[in-house]
Amino acid sequence: MSINRRPCSPQLTITAVYAKTLREMASQPPKKKQRKRNSGRGDTGQLERFDSLPWTSSLPETDDDPFSALAGLNDFEGGVLSLEEIDESEYGLELPKAIQKGGKKQEKPTKRKRKESDVDEVIGKEDKADEAGKEDKDGENGKEVKKNKKKKKKKKKKAKKPKEYMDNEEETVTVVETNGNNDVEEDQVDDSEYHAWYELRLHALLMKSISRLKFKEPTPIQKACIPAAAHQGKDVIGAAETGSGKTLAFGLPILQRLLEERDKFERQVEEKGEADEQVVSRGLLRALVITPTRELALQVTDHLKQVAIGTDIKVVPIVGGMSTEKQERLLKARPEIVVGTPGRLWELMSGGEIHLVELHSLSFFVLDEADRMIDNGHFHELQSIIDMLPMIREGHPEDTQNCVTSSSFQRKKRQTFVFSATIALSSDFRKKLKRGSMKTKIDGELNSMEALSERAGMRPNAAIIDLTNASIMANNLEESFIECQEEDKDACLYYILSVHGQGRTIVFCTSIAALRHISSLMRILNVNVWTLHAQMQQRARLKAIDRFRGNDNGILVATDVAARGLDIPGVRTVVHYQLPHSAEVYVHRSGRTARASADGCSIALISPKEASKFSSLCKSFSKESFRQFPIEASYMPEVSKRLSLARQIDRVLRKESQDKADKSWFQRNAESIELIVDENDSEEERVNSIRKKKASSANLKKLQQELNSLLSRPLQPKTFSSRYLAGAGISPLLQQQFEELARQKLGDTGNPGDNKKKMVVIGQDCVEPLQALRSSGQEVTMDPKGAAEKRRNLDTLRRKRKEEKRRLHDQKRKQRKKLKAGGD
Ligand SMILES: Nc1ncnc2c1ncn2[C@@H]1O[C@H](COP(=O)(O)OP(=O)(O)OP(=O)(O)O)[C@@H](O)[C@H]1O
């Protein structure tokens, strides 16, 4: 497989990561038996309800946020970026080739293509049989069914006996890989490894993609959803833990149906010279996938594209923050699948974008992270989009009779998929759906999952597949917490990032102000962090993710815009610097680690103010105890020293940047109204101001020198003796030098796709948080009543101290007054 490497492109980086995984998996000896993923979870009997979680879901910056005063003062947003123009094509937005209306004329198969179609013949038999059977049931295309009756019997026999097929001479499948430039390469994959997928009866081309991606078996949510969605044509409400493969649980059924229709079209053209109106579906919008964030939309697009390689199905992302014109051009190629965010989609739809308003052809409507869509009525656009969908009511053919833009085949079966890890299903959600009793809400607000699903056209017989366990969290996630004062959170964070800075880490903040505060401090402390929040320019957002993805030990400081869906391999740790406002967000944040059978850990920093919130969080997940993350107290004096200097530097820098901003604001405004600013400062004032500036910059220099001298030494516990380096560990600086040496010696380029031998230098400063937690973390029972009591006591103590202080102050004032009066 040839891969172009351009470090700035997320699409290519993802390809490189896949490539690395492929190579790593390929280098492993073939396993005879499949190891079960997520062994703690069975496939059936787990349709437990996820009770509504108690907190309100919202992400505002709260008044009590101690960082709100600092908002808007950071110059280094998104990491130290130069915001050069990024070509959207780098993000998977290249214009696909338009397809002739009515489909392509069949080409004479080349040798390579013939090989491919041979494979189709073998694997695709069962799909075709299934398709014919389905239509027979629907009473459509009776002729076709009769014609193929004999063939079908044979195919069905084979479909029932996958083992026979495995054992015969066609045991290997020719896998066709493209590098995105239509260069096709071939590879041989041992077919028996993918046995578990055959039960799902997916199209041959999809099977090829799956084996190329080395997804040995479907995840439980895929196993449960694909039959219902792809073969029974049902609507699906799906809930499963974070990182469990929900994207393909809805993506594969979509691709399956489009491919089945294509096969049917080609068969009919071959047999009759033309196809029935029912199966002519090219050039129409068939699936609309809506996600709450832009990054997620791009990621879902990428994921679907990976699986659609080898088909000519086009998937296009439509998201805000990128050029509208370019996206309109992409839509001119008439992609079958559009993945987008509500804002930009609605902008184009309300502007009459032809491909997006021909919604009668729509066969799939998907709401990914559906519960986020109803948060605080954020998504008026979503409501408008849903209102544009043609109503399809069971037993009401008049809903679609006047439609001229699509065939009856497509109109008949629009499927609705609603997915999330935290769908807060109300207890009678299923009953309501069955009764169809939610119709009354149709004109109301979309403030509940029921209303949203109903309005989107969810049918009463929808399959509700809830595989979340009682704790809702991913099985391989180790959760922990650190109890500390609000002002000590920075020290804890610095400790985690420097003593345990191994593997990728995401630090979540609730407010942008807090994000700016800690990213600025960490950078001053030479901890290289990237930032991601909703107020950043889209290209900076993508670049931050890309750079984070490209660094094995990268640190991303993010708001909850990164909480949902982001799938970045190798995220080992999630730190909740501030607790989120809702339990759902906590689940999604933590779910950025421990994905797809990997493990990981989360650490929540809990201030006394947040203690009761944390306790109710534990209660939401039926957790009585949490592990306490171990902090080596002997490190803290050194951590505090460094932090104190960093804070002073930060204050000076902020002041300078604030002064600069004020001055330029004043000048800009004066210029805009053509005012001449009179420099009427006296000579003395000017001299004073220059003197102040000089003093401030000398102070800054001194602080920086002091900090640099501390940073040049490793962060070590107080008891550490630097005379004996070997026993106690190595400094980060030394470690960096060793790593550089290793790179030079072994020719390691540091690229994720590079599979050359790697030398990892492990020093004392490189114990992963998960490892530290497992080796010395303690279970602590959470006691909500105790925590509330503790907090009350603390508040009372503080109030009393304040009152005492005020009393003493008043007393002194009175005494002074008295003395003064006596003296007079
Ligand atoms: N059958 C499979 N076998 C192995 N890995 C898989 C399989 N299906 C998907 N994956 C991988 O698992 C990872 C997580 O998938 P995905 O992003 O769809 O999870 P998710 O359930 O949507 O997570 P979230 O709830 O956080 O959005 C992806 O990297 C994907 O490539």
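Start at 1 with the first residue, then count along the sequence. Atoms within a ligand are numbered from 1 in the order they appear, just like the ligands themselves.
- For the pair Glu217 and ligand 1, a heavy-atom separation below 4.0 Å is found.
- Taking a cut-off of under 4.0 Å to the non-hydrogen atoms of Ala596, the atoms of ligand 1 that pass are 12 (O), 13 (C).
- When heavy-atom distances to ligand 1 are checked against a 4.0 Å cut-off, Gln222 comes that close only through its side chain, counted from C-beta outward.
- Residues Pro218 and Leu200 meet the side-chain proximity criterion, which asks for heavy atoms closer than 4.5 Å.
- Within the structure, the closest approach of Gly243 to ligand 1 falls below 4.0 Å when heavy atoms are considered.
- Considering backbone and side-chain N/O of Gly245, one or more are found under 3.5 Å from N/O of ligand 1.
- A salt bridge links Asp599 to Arg572: at least one charged side-chain nitrogen sits closer than 4.0 Å to a carboxylate oxygen.
- Just one of Glu584, His588, Glu369 meets the side chain to side chain donor-acceptor pair (under 3.5 Å) condition when paired with Thr422; it is His588.
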- side-chain hydrogen bond (donor to acceptor under 3.5 Å, both in side chains) assessment of Ser363 paired with Arg286: CA-CA 5 Å; Ser363 294; Arg286 307 300 310 283; 2.6 Å; yes
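- Side-chain atoms of His576 and Phe614, non-hydrogen and from C-beta on, never get closer than 4.5 Å to each other.
- Evaluated by nearest non-hydrogen atom to atom 22 (O) of ligand 1, the leading choice among Thr247, Leu566, Asp567 is Thr247.
- Phe365 places a side-chain heavy atom less than 4.5 Å from the side chain of Ile290.
- With atom 2 (C) of ligand 1 as the reference point, the heavy atom nearest to it among Phe250, Phe419, Phe215 is part of Phe215.
- When Lys246, Glu241, Lys216 are ranked by how near their heavy atoms come to atom 20 (P) of ligand 1, first place goes to Lys246.
- Residue contacts with ligand 1: Arg592 is included, with a non-hydrogen atom under 4.0 Å away.
- The line from OH of Tyr194 to CG of Leu202 is 14.0 Å long, rounded to the nearest 0.5 Å.
- Assignment of His303 to the shell around ligand 1 is supported, since a heavy atom sits closer than 4.0 Å.
- Here's the thing with Ser244: one of its N/O atoms is less than 3.5 angstrom from an N/O atom of ligand 1.
- With rounding to the nearest 0.5 angstrom, the CD atom of Glu336 is 4.5 Å from the NZ atom of Lys314.
- Ligand 1 lies within reach of Glu369, whose nearest heavy atom is under 4.0 Å from it.
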